[in-house]
Amino acid sequence: QGNIFTCMTLTFPEKSVTGFDAIRMVDGTPSLKRTTTRWIELDVFTEAGFANITGIDLYSRSSRVRRMDMHRLKFPDATFDLVFGSHVFEHAWDLGRVAHEVIRVLKPKGHVFCAVPRGGEPNWHDRHRFDTPEDVITYFGHAEPEILYQETRPQEIRLLFRVSRA
């Protein structure tokens with residue numbers, strides 16, 4: 001059985017999953033990457049056949065979404081097969097720490113899918129600027145990421161990579 005962790009949203013599926021399932025889910029749900037509520041992610045994974053879903057967000061007011069900080073994840077090491085972060089990493093105060101936490105909760109050879117905005121100047125809301133896939137991958141370099149998929153759009157970068165545990 002695979003476990004999916006989505007930054008700001010957690011999913012515990014009842015069936016096996018690969019990183020490429022996350023790509024298909026995002027591509028089939030254009031509104032996912034632009035939503036301001038995290039409930040849609042829970043619904044997308046549920047509709048895809050995953051169960052026992054628990055969401056997290058720093059400022060949740062929903063009974064479906066627990067409060068948790070991506071800088072300090074409250075999960076054991078090597079818990080998840082896939083980390084899914086759609087327009088989340090750019091908000092991190094310390095993206096190096098978030099990358100460390102993501103790697104920590106991933107199982108060996110786990111996958112990370114992320115979509116981040118491309119370009120733009122850092123500000124109080126979007127604290128990081130990403131112009132290339134390498135701008136994202138550099139934060140995960142200590143885990144020896146193997147890029148499986150990358151797409152650079154005018155306003156967005158999408159990556160799927162597998163990590164080796166150091």
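All heavy atoms count here, side chains included; hydrogens, waters and symmetry mates do not.
- In plain terms, the two heavy atoms of R162 and H111 that are nearest each other are NH1-NE2, 3.6 Å.
- Taking 4.5 Å as the limit, some side-chain heavy atom of V163 sits within range of a side-chain heavy atom of F161.
- Here the CZ-CZ distance, from F89 to R127, works out to 14.5 Å after rounding to the nearest 0.5 Å.
- A 4.5 Å side-chain heavy-atom check between Y149 and L159 finds every atom pair outside the cut-off.
- Considering all non-hydrogen atoms of both residues, A99 and Y139 come closest at CB-O, 3.3 Å.
- Side-chain atoms of T152 and T132, non-hydrogen and from C-beta on, never get closer than 4.5 Å to each other.
- Side-chain atoms of R129 never come within 3.5 Å of backbone atoms of G119 as a donor-acceptor pair (strictly under, hydrogens ignored).
- In this structure the side chain of V112 reaches within 4.5 angstrom of the side chain of V102, judged on heavy atoms.
- Shortest non-hydrogen contact noted between K109 and S164 is NZ-OG, 3.4 Å.
- Under the 3.5 Å distance criterion, with hydrogens and angles disregarded, no donor-acceptor pair is assigned to the side chains of H71 and D94.
- Contact annotation: the side chain of K74 approaches that of M68 to within less than 4.5 Å [non-hydrogen atoms, C-beta and beyond].
- Two residues are said to be in side-chain contact when any heavy atoms from C-beta on lie closer than 4.5 Å; H87 and P117 meet this criterion.
- Under 3.5 Å, the side chains of H125 and E90 contain no donor-acceptor pair of N or O atoms.
- Heavy-atom minimum distance, F140 versus P145: O-CD, 3.3 Å.
- The side-chain heavy atoms of V116 and R118, taken from C-beta on, include no pair separated by under 4.5 Å.
- Under a 3.5 Å cut-off, the side chain of D126 and the backbone N or O of N123 do not form any donor-acceptor pair.
- What you find for D131 and I157 is that their closest heavy atoms are C-CD1, 3.7 Å.
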